Amino acid sequence: MRTLSTIVIVLTLVGCGALRPHKPPPAALEPQVQVPGIQNVRVWGDEFSPVFQKDMIDSIQQEKASGLFKEGDTVNILAISGGGGDGAFGAGLLYGWTQAGNRPSFKMVTGVSTGALTAPFAFLGYTYDEKLKKVYTTISSKDILKLKSLFSMLRGDSISLNDPLARLTAEYVDDKMLKDIAAEHAKGRRLYIGTTALDAQRPVVWNMGAIAASGHPDAPVLFRNIMIASAAVPVVFPPAYFQVEANGRRYEEMHVDGGVANQVFLYGPMLDVTKAKKDLGLERLRRKFRVFVLRNSRLKPSWEDMTPLIRAIAPRSVSSLIKAQGVGDLYRIYATSLKDGLDFNLAYIPDSLDTNRSDEFDTRVMNVLFDSGYQLARRGYHWYKAPPGLSGTGKAGDGSGSARQRLDEGVESAKPLLP
């Protein structure tokens, strides 16, 4: 991200500062950590979770009661990645997908970082498209963050305040949206958002529908704070601090951007699909499963003549790390799809689209990204059938030619060029 240059400069200046009191749960109590008053709405994302397993089984039973799916229906899952301002591409793709007339209702939606901001809108479908479009085509950096004074930077946990993002989240994630999410959760659909517990150095997955449906008076604030935490790029934004309890005592967890642990996630080790089918007597269930992954980034390496200075080397190294991590996450989801019989589909920002800018949330560039995703999707997006680097991506959708060839052809005619 472009903000990494600022991070490096600030880190070189930080010597000491006033520490915020912080008491995390001890490592030995990690399995017991809960949100006070709202039980079983968060799980560790890097291990098998009986809570997650039960929630997925409960969701199947809710499906039966609500009539959400019928025998033989295709069940669709959407995973939305991080990417900062590049999230405008995924938002545009969703918007164009609606216009194409074949956007499905998703059984499950997951989101990380900017994907966490997109996920509730994507979960609720086309009725929230206009709000999603407004978020990604009208905002700028001043709507996301406010830089602190240099003195405050040196004494605090970040270089900026996230007050603008908190106001924006409160404006769009209102009581009606939470009620709508709770209603869909009751039908058997699921919305999950990922954050990173920094003390534990582990991913945490939050059951957002269960939070919205809990009826707890603190649920709306918790819901919004999780979204903000998932997008809290370390050092740029302050961490989010969550009150938790374990072994009858209260603690405070520090959470940052979900992308620190995973750029995008499905369900991974949290869920044992074979056991879930057996427990439900669904071994012979005739149902197809498709996973759609929106990677809000270009995956092709971008060449750059590097200046041999720390302020250039550090951000370039971190951005390279993020790119490699993102590709690794795609392979992880692909492997899970092969193991569990899911049809894998991938979209990402075309390699030919220049997304470079000095301001991460440059409104003009975000509009270009949104429109590019929209134009590609409204005419029928041709999804990649494998992560980059695997041979034989095959046909996607109902088009001819490889997914890579079709996508590159499409973007050349669809994209507006950056001046």
Side-chain angles (χ1 to χ4, degrees), residues 1 3 7 17-25 30 33-38 41-46 80-84 87 110-120 143-148 152-153 155-173 178 191-208 210-212 214 216-246 250-263 265 360-361:
M1 293 176 64
T3 49
I7 294 174
L19 296 178
R20 181 190 190 281
H22 171 55
K23 184 183 178 183
E30 283 181 2
V33 173
Q34 296 279 354
V35 177
I38 316 179
V41 294
R42 49 156 286 162
V43 301
W44 297 108
D46 56 358
I80 313 174
S81 83
T110 72
V112 168
S113 197
T114 192
L117 303 180
T118 305
D143 301 303
I144 302 296
L145 56 87
K146 180 181 179 181
L147 287 176
K148 297 179 180 178
S152 296
M153 290 181 190
R155 293 177 59 85
D157 54 12
S158 66
I159 66 172
S160 67
L161 299 171
N162 61 10
D163 297 10
L165 178 59
R167 287 193 293 270
L168 186 71
T169 304
E171 176 185 350
Y172 285 96
V173 184
L178 293 174
L191 172 63
Y192 300 110
I193 285 177
T195 62
T196 302
L198 204 55
D199 295 295
Q201 205 175 44
R202 299 177 69 184
V204 173
V205 174
W206 301 82
N207 189 333
M208 304 301 280
I211 293 171
S214 69
H216 195 280
D218 295 336
V221 173
L222 176 62
F223 191 104
R224 297 179 190 116
N225 285 346
I226 292 167
M227 292 178 64
I228 295 168
S230 186
V233 178
V235 182
V236 177
F237 292 109
Y241 297 92
F242 291 99
Q243 297 297 317
V244 297
E245 60 184 10
R250 292 291 179 98
Y251 298 96
E252 182 185 67
E253 283 186 327
M254 179 191 294
H255 286 242
V256 297
D257 193 332
V260 170
N262 299 296
Q263 286 295 305
F265 75 96
E360 180 66 30
F361 298 98

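All values reported here derive from a predicted model rather than from experimental measurement. Heavy atoms only: backbone and side chains are in, while hydrogens, waters and symmetry mates are out.
- Considering every non-hydrogen atom in both Val204 and Ala197, the closest pair reads CG2-CB, 3.9 Å.
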Start with the C-alpha distance between Ile226 and Ile211, add both sets of side-chain angles, then the distance that settles side-chain contact (heavy atoms from CB on, under 4.5 Å), and finish with yes or no.
-> CA-CA 11 Å; Ile226 292 167; Ile211 293 171; 3.5 Å; yes

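- A pairwise comparison of heavy atoms in Ser214 and Ile38 identifies CB-CG2, 4.0 Å as the closest pair.
- Put simply, CG on Asn225 and OH on Tyr241 are 13.0 Å apart, with the number rounded to the nearest 0.5 Å.
- The shortest heavy-atom contact between Ser81 and Thr114 is O-CG2, 3.6 Å.
- Contact check for His216 versus Leu222: no side-chain heavy atoms found under the 4.5 Å cut-off.
- What you find for Val112 and Gly258 is that their closest heavy atoms are CG1-C, 3.4 Å.
- Between Arg202 atom CZ and Thr195 atom OG1 the span is 12.0 Å, to the nearest 0.5 Å.
- Going from atom OG1 of Thr110 over to atom CD1 of Ile80 covers 7.0 Å, rounded to the nearest 0.5 Å.
- Contact of the Leu198 side chain with the Pro239 side chain is not registered, since no non-hydrogen atoms from C-beta on lie closer than 4.5 Å.
- Every side chain to side chain contact (heavy atoms under 4.5 Å, CB included) that Thr169 has, sequence neighbours left out, goes to Leu165, Val173, Arg224, Met227, Ile228.
- Contact between Gly82 and Ser113 at its shortest, heavy atoms only, is CA-CB, 3.7 Å.
- Without hydrogens or angle criteria, Gln263 side chain to Gly259 main chain gives a donor-acceptor distance under 3.5 Å.
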Go through Tyr251 and Val33 one step at a time and tell me if the side-chain contact (heavy atoms from CB on, under 4.5 Å) criterion holds.
-> CA-CA 9 Å; Tyr251 298 96; Val33 173; over 6 Å; no

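- With sequence neighbours excluded, no residue satisfies salt bridge (charged side-chain N to carboxylate O under 4.0 Å, His left out) with Asp199.
- Between Ile144 and Phe237 there is a side-chain heavy-atom pair separated by less than 4.5 Å.
- Residues meeting the side chain to side chain contact (heavy atoms under 4.5 Å, CB included) test with Ala261, sequence neighbours left out: Thr196, Pro203.
- In terms of the side chain to side chain contact (heavy atoms under 4.5 Å, CB included) criterion, residue partners of Arg250 (sequence neighbours excluded) are, by chain and number, Pro36, Glu245.
- Here Tyr192 pairs with Phe52 under the ring pair (Phe, Tyr, Trp, His ring centres under 6.0 Å) rule; sequence neighbours left out.
- The ring pair (Phe, Tyr, Trp, His ring centres under 6.0 Å) test applied to Phe242 returns Trp206, His255, not counting sequence neighbours.
- Closest of all the heavy-atom pairs between Val41 and Ala210 is CG1-CB, 4.0 Å.
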